[in-house]
Structures are given as structure tokens and as C-alpha cells.
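Heavy-atom basis, side chains included; hydrogens, waters and symmetry copies ignored. Per chain, numbering begins at 1; letters A, B, ... match sequence-line order.
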2 protein chains.
Amino acid sequence: MDTTQRTDQQRSADRRRRELLEAADRVVLRDGPQASMNAIAAEAGITKPILYRHFGDKGGLYAALAKRHTDALLDSLRAALDAPADRRERVESTLDTYLAAIEARPQVYRFLMHPAEGSAGAEQGFDVGKHSAPLLRRMGEELAQVIEERVDLGPESQQLARVWGHGIVGMMHAAGDWWLGERPCSRAELVRSLADLLWGRLAAAGDRMGGPGF
Amino acid sequence: MDTTQRTDQQRSADRRRRELLEAADRVVLRDGPQASMNAIAAEAGITKPILYRHFGDKGGLYAALAKRHTDALLDSLRAALDAPADRRERVESTLDTYLAAIEARPQVYRFLMHPAEGSAGAEQGFDVGKHSAPLLRRMGEELAQVIEERVDLGPESQQLARVWGHGIVGMMHAAGDWWLGERPCSRAELVRSLADLLWGRLAAAGDRMGGPGF
DNA sequence: GACTCGGGTTACCGCTAGTAACATCGCACC
DNA sequence: GGTGCGATGTTACTAGCGGTAACCCGAGTC
């Protein structure tokens, strides 16, 4: 049949694709986000044009590679987020999951956070919005959805949930990035501090010297 | 005297430097973070090597350029942060100041958020920490300092303030970036939502369906 | 046996960051 | 007044990047 043949071919192509992605993975793990197409092709034992045939351009390979890790990370996060525990516990466990991930494989993390940036300056539209890494966007949307599903926010809940989703993800990301660089405290302490922040401890704390007027 | 002579020269050099920075500014405003050294040199009416003599490498020019905008933005933020108002008001006004700035000049904002990245792959150490834009780091540290000065957090206040500083800045940044791309609501609404988040409304809200067990 | 077709390579383009080498002007110094 | 020296500027280059055109070859098919 024609179809079986095509599936055969497609399977072969998919296998190749996976092999290439794994090679790319190794290079990224070694070289960080600067991994060049040449280096990836060499690691895979082939030459550049094949990479381009499979992924179109560097952005395509980036996207495919990012999707794998992003999916994996999001799965872990969902598990923590959906656990049958109380909210504070779930928040802390989610934060901890994320931080453990970036701690375990910082090079991959750097790669994922790197914005795509079609470097061949041809079609750089004025899309100012797409600065953030896709991973951050996806995590933000995902978290927003969970918040809206599980937390009762009254009217405008969707808007609020989306703002909070992206905001919390950004908080997690920035704090994690800083922490990874300076290591000023243990992971557990960081998690507790962030959860405290989300729990309104900033608003509840008193002013330092005298009244709030000055 | 020798000194006066040197000051003369230095003044001239400084003026040149400022001129070059202004030209670079114009190009960045037009081309975004992809502004090339060639383009900047052309805009300034000179050629590349002069740029390199003044700023060392692209990172140096980037740093000098970023410092100007960062200083300006931080001044605005400090003003909002130090106002003699109550804490919630100060927080909202600071958020609004930041968002107004990135809304007014998105190209500059993109440039500032772009990590430095010594692209000439020579000396790329394993410093995984320096992924974030210097602007974010500086804002985080600054905010941390203000928090520690003005908010009474008991023991470990320094640690907590630093975590919160970076966390809040990250929240602001991510939410702002998302908002700038999708424009799902007005600036004022965004500010209020974020302040609500910081004020613990997430913790205070009820669960959606029945008990928290499932 | 000619013919197409997928997987692969070589050799190139245009661009980037960065540099070496050469030219030139102004100014101090003997 | 010539002379050297330092800042200012240029041209012309390197090395490496993302990306592509052109060719090449083995397998299957009529």
C-alpha cells in the first residue's frame, strides 16, 4: 500500500529527527545557548543542510528542542500544581520543582530562557511582545489556567488569573535566576521566602521607623 | 600644566563618547537590540574601529548605553518608591512608573532586557548566573535595599528583602512584557491586579468547587 | 536502462564582531 | 623650524555565523 510506505518513511524521518534532537541536546548541554548549527551538525555526524531540511532554520530547531524540555518541565509542574494538598503546600512544591529543575541543568535552563531572535535581520517586525522566552509564556498561561480553575476570584477572574499567572512565573524566574547566580541561601529557604511574599507578608509587615508618614 | 591639558583631552574624549552614545541610542531606538556596530558607526558618521577604541567591544557599548537608560529609569522608580505615601500607594505608583516607561519606548526596553552575551565565544565561562539583564539585577537590588530600609521584617530581614526585591522585579517584568504584547487590559488595571497579588489576595481567596481536598 | 527521489556533501553568500596596518593632523620639545 | 609622538581616523582584512544553491549518489520503479 501507499500509506504503509509513507508511514515507513515518516517513521524513519521521525527517528532521524529524534536523533538530531538528541545530538542538539548534547551540544546545548555542553555549549549553552551559543550552540551553533555547525557544532550540532558535527555532533550528529552530518552536515548543516540536513539540519536545515529537518527544522527549517535555527528557530525551528530551537523550538523543537525547547518543546521537549518545556513539555517535560511543565509535566512536573502540573503534577506539583494538581496535587491534593492545601494551596500553600501546592505553591511551595511547585516553586521547589521549578527551582530544582533549573538547579539540576542550568545550561538547558539558559537555553530555554533565551529568546528566539531570528538573527538574519530580514523580517524583524516590530513585534515587541515576543521578547520573553516561550517557556515563560507557556508557564504563565498554564498557571493562569490552574488559578482560574481552582481559585474563586469573583468577576474578572480570568483577567486576574492571567495577570497573576504571568506575574508569579516571572517572580519565580527572576528569583531563581538570581539565586542560581549567587546562592545566598538554600532552596528550601528561597521557596519559603517566595511563598511568604505571595502570602501577603509584605503587606502585613510593619513600617520600620515610626509612622508611615515619613 | 600637564593636568589641564589632560582634562582638555579628556573632555573632548568624553564629548565624543557622549555623541557616540547618542548615535547608538538613535540606532537602537530604530533597530531594536539587533543594532549592529556597523549601523551605529554609520549613524555616528564614523567607522567601526573608533567605536571599539571607545568602548572595547560590543558589550562595553551595550553596558554604557544601558547604564544611561537604567540610571534614568531607576531615578524615576526611586522617586515613586520614596514618596511619602502609604505602602500600597507607593507600590502601585512604582509599578505604574515602570510600565509607563516600557510602554513609551518598547525598543529601548527590549534592548535593555537583552542579556549581554559575549558573542565571540572565546571566554564564555560557566557563569550561569548572568543570564538576566543587568537592568533586572539592579532593579532587584535597589528594591531589596528599599524594602530592608523601610519594612520591618524581623530577623533574616536582609535575606528576605533580597529575595523579595528580585522576585517582585521579576513579577513586574514578566507581567509587563506579557501585557505589552497582548494588551489585554489598561495599565491601571494591570497595576491594581499586581498590587492585589502582592497584597496576598491569592492566599485569601477561596477555593472554587467545594473543599480543598479535591 | 533511463528516471526520479530522498539523504548527503561541497562550496558558496552575506552578514556579523573584532583587528591589524596604514594615514594624518596637532602639538610639544630641542 | 624640523622632529617625534599621540590621538583620530581610515581601509582592508580575519574568523565565524546562519542559511542556501548546486551537485552527487544509491535505491527503487516503469
Side-chain angles (χ1 to χ4, degrees), chain A residues 1-2 4-20 23-24 27-28 31-65 111 114-124, chain B residues 1-20 23-24 27-28 31-65 114-124:
Chain A
M1 269 205 185
D2 186 59
T4 55
Q5 215 172 23
R6 273 193 73 203
T7 32
D8 259 16
Q9 281 181 194
Q10 200 162 350
R11 267 189 196 175
S12 161
D14 279 7
R15 250 192 40 205
R16 238 343 166 247
R17 198 184 154 92
R18 237 175 301 144
E19 287 174 15
L20 297 186
V27 176
V28 165
D31 297 353
Q34 285 89 8
S36 79
M37 296 298 264
N38 258 324
I40 293 172
E43 170 72 30
I46 52 161
T47 50
K48 273 194 298 178
I50 308 183
L51 273 186
Y52 283 94
R53 285 230 256 270
H54 274 270
F55 301 104
D57 60 356
K58 192 185 174 124
L61 193 156
Y62 166 86
L65 200 50
F111 177 73
H114 204 64
E117 306 242 351
S119 56
E123 30 146 355
Q124 52 194 34
Chain B
M1 270 213 194
D2 187 59
T3 56
T4 56
Q5 215 171 31
R6 273 191 71 202
T7 33
D8 257 17
Q9 282 181 192
Q10 200 160 350
R11 267 189 197 173
S12 160
D14 279 8
R15 249 192 42 203
R16 226 4 156 233
R17 198 184 154 93
R18 237 175 300 145
E19 286 174 17
L20 297 186
V27 176
V28 165
D31 297 352
Q34 285 90 7
S36 80
M37 295 298 264
N38 258 325
I40 292 172
E43 170 72 31
I46 52 162
T47 50
K48 271 193 300 178
I50 308 185
L51 273 186
Y52 282 95
R53 283 227 255 272
H54 273 269
F55 301 103
D57 61 355
K58 193 186 174 121
L61 195 157
Y62 166 84
L65 200 50
H114 205 62
E117 305 240 353
S119 56
E123 27 147 353
Q124 52 193 35

Any chance you could list the contact pattern along nucleotides 9-14 of chain C? Use B for base contacts, S for sugar-phosphate-only contacts and - for none, protein heavy atoms under 4.0 Å, 5' to 3'.
BB----

Is F55(A) close to L65(A) at the side-chain level, that is, under 4.5 Å between some pair of heavy atoms?
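A side-chain contact under 4.5 Å is absent here.
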
All N/O donor-acceptor pairs, side-chain side in residues 44-54 of chain A, below 3.5 Å, sequence neighbours left out:
none

In whole angstroms, how far is the [atom2] atom of [N] from the [atom1] atom of [X]?
| X | N | atom1 | atom2 | result |
| --- | --- | --- | --- | --- |
| R17(A) | dG6(C) | CZ | C1' | 17 Å |
| F55(A) | dT20(D) | CZ | P | 15 Å |
| M37(A) | dT20(D) | CE | P | 10 Å |
| Q34(B) | dA17(C) | CD | P | 11 Å |
| I40(B) | dA17(C) | CD1 | C1' | 12 Å |
| L51(B) | dT19(C) | CG | C1' | 14 Å |
| D57(B) | dG16(D) | CG | C1' | 17 Å |
| R15(B) | dA7(D) | CZ | C1' | 15 Å |

For the atom pair OH (Y62(B)) and CE (M37(B)), what is the distance rounded to the nearest 0.5 Å?
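Taking OH in Y62(B) and CE in M37(B), the distance rounds to 14.0 Å.
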
Work out how much the helix from dG1(C)-dC30(D) to dC30(C)-dG1(D) bends between its end axes, five pairs an end, to the nearest 10 degrees.
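The helix from dG1(C)-dC30(D) to dC30(C)-dG1(D) shows an end-to-end axis angle of 30°.
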
Report the residue (G56(A) or N38(A)) whose heavy-atom-nearest nucleotide on DNA chain D is the more 5′ of the two.
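Between the two, 5'-proximity favours N38(A).
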
Sequence neighbours excluded, which residues qualify as side chain to side chain contact (heavy atoms under 4.5 Å, CB included) partners of A35(B)?
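Residues passing side chain to side chain contact (heavy atoms under 4.5 Å, CB included) with A35(B): V27(B), V28(B), D31(B), I40(B).
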
Closest to the K58(B) side chain: dG9(D), dA17(C), dG18(D)?
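Of all the options, the side chain of K58(B) is nearest to dA17(C).
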
